[in-house]
Amino acid sequence: MNAPAPLERFALARDPLDVAPWLLGKVLSYGGCSGRIVEVEAYRGADDAASHAFGGQSTRNQTMFGRAGLLYVYFTYGMHYCANVVCGEEGTAWAVLVRALEPLAGIDEMRRRRPAAHHDRDLCNGPAKLCEALGITRELDGADLLTADRGIVLEDDGTSPPSEPHCGPRVGITKAVEHPWRWSWPGSTFVSRARPAGRSSPN
DNA sequence: ACCGGGATGTTCT
DNA sequence: GAACATCCCGGTG
């Protein structure tokens, strides 16, 4: 592990199918809380029927059409926020949904924000859970993750992505379900859903 | 373990 | 009016 350094914009200005697995291991920090990305999904702009950008620009999704490195936060199901890292060239509306984090710092505060989490592994193992744990809301939509805009930043602490990440279909969608555009850290207990049968690790 | 339903409100058709 | 990139709780086995 090195001193954490913000990501370089050119590294994000690529296809989300490349950026998504590359983001595994990077560290997202906000307000004293931080976590390591262990699960992501790629959303591929206007050609992707499951993307919010399908059908063109709108009030809600306009951040997706901005430059790589912006944070796209949306509100859904009347109560949840989810966070994406915008990638690709400006106008592509490509993005990567952050689906799970391994908590690293500010864990006490995460527990306070998420009383329903009975184990630390449940603090950030879902796209809306991690936003609740870190206090990410729509107010952070459009923040630049590479300059710590509004206090939120995405950094590299020297942890390499896994050489063979797990890959499978995206979850929670009803259209374009056939693409295997979800990646996760193999063996991590902090990914969503993964519940190794019969075993429980002490948290 | 698995399944079903409710919460709750913005966005889009 | 329907859909929604979700989560939590309670039922059953």
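In the text below, chain A, chain B and the rest are named by the order of the sequence lines, each starting its count at 1. Only a predicted model underlies this, so the values are computations on that prediction, with no experimental measurement involved.
Using a 4.0 Å heavy-atom distance criterion, Arg99(A) is classed as a sugar-phosphate-only contact. The residue Ile173(A) sits close only to the backbone: its heavy atoms come under 4.0 Å of sugar-phosphate atoms, none of a base. Using a 4.0 Å heavy-atom criterion, one finds that Ala50(A) contacts the bases of the nucleic acid, with or without backbone contacts as well.
Side chains of Asn125(A) and Ser192(A): no donor on one and acceptor on the other come within 3.5 Å.
Between the C1' atom of dT8(B) and the CE atom of Met79(A) lies a distance of 4 Å, rounded to the nearest Å. In this structure, His80(A) atom NE2 and dG6(B) atom C1' are separated by 11 Å, rounded to whole Å. If you measure from atom CZ of Arg114(A) to atom P of dT6(C), you get 14 Å, rounded to the nearest angstrom. Nucleotide dA5(C) holds its P atom 4 Å from the NE2 atom of His52(A), rounded to whole Å. A straight line from CD of Gln62(A) to C1' of dT10(B) spans 16 Å, rounded to a whole angstrom. Here dC4(C) presents its P atom at 10 Å from CZ of Arg60(A), a figure rounded to the nearest Å. Remark: C1' of dG9(B) and OH of Tyr81(A) are 10 Å apart, rounded to the nearest angstrom. Between the P atom of dA5(C) and the CG atom of Asp48(A) lies a distance of 11 Å, rounded to the nearest Å.
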Before you tell me yes or no, could you show the steps for Leu154(A) and Leu23(A) under side chain to side chain contact (heavy atoms under 4.5 Å, CB included), namely the whole-Å CA-CA distance, both residues' side-chain angles and the distance that decides it to 0.1 Å?
CA-CA 10 Å; Leu154(A) 183 59; Leu23(A) 282 175; 4.0 Å; yes
Given the rule in the side chain to side chain contact (heavy atoms under 4.5 Å, CB included) test, do Asn84(A) and Val98(A) qualify, once you have shown the distances and angles that lead to the verdict?
CA-CA 6 Å; Asn84(A) 296 249; Val98(A) 183; over 6 Å; no
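The side chain of Met64(A) lies closest to dA5(C), out of dC8(C), dT6(C), dA5(C). The nucleotide whose nearest atom lies closest to any side-chain atom of Asn84(A) is, among dT10(B), dC8(C), dA5(C), dA5(C). Out of dA5(C), dC12(B), dC4(C), the shortest distance to the side chain of Thr174(A) is found at dC4(C). Side chain of Lys175(A), nearest nucleotide from dC7(C), dC4(C), dA5(C): dC4(C). Minimum atom distance to the side chain of Tyr72(A) is reached by dA5(C), of the listed dC4(C), dA5(C), dC8(C). In the set dC7(C), dT11(B), dT10(B), the nucleotide with an atom closest to the side chain of Phe75(A) is dT10(B).
Looking at every heavy atom in both residues, Arg150(A) comes nearest to Tyr30(A) through O-CE1, 3.3 Å.
Centroid-to-centroid, the aromatic rings of Tyr43(A) and His52(A) stay 6.0 Å apart or farther.
Close to dC12(B), at under 4.0 Å from its OP1 or OP2, lies a side-chain N or O of Ser58(A).
More than 12 non-hydrogen atoms from other residues, nucleotides or ligands lie less than 6.0 angstrom from CD of Gln57(A).
Both the sub-6.0 Å distance and the 45° axial angle are not jointly satisfied by Arg36(A) relative to the ring of Trp185(A).
Between Arg111(A) and Asp120(A) a salt bridge is recorded (basic side-chain N to carboxylate O distance below 4.0 Å).
A gap of 23 Å separates the P atoms of dC3(B) and dA5(C), to the nearest Å.
Judged by closest nucleotide on DNA chain B, Tyr77(A) is the one of Tyr77(A) and Arg138(A) placed further toward the 5' end.
Both geometric conditions, a ring-centre gap below 5.5 Å and a plane tilt below 30°, are fulfilled for Tyr43(A) over the base of dA5(C).
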Where each pair must be Watson-Crick or G-U wobble with both distances under 3.5 Å, what dot-bracket representation of DNA chain B is obtained, with crossing pairs in [ ] and other-strand partners as |?
|||||||.||||.
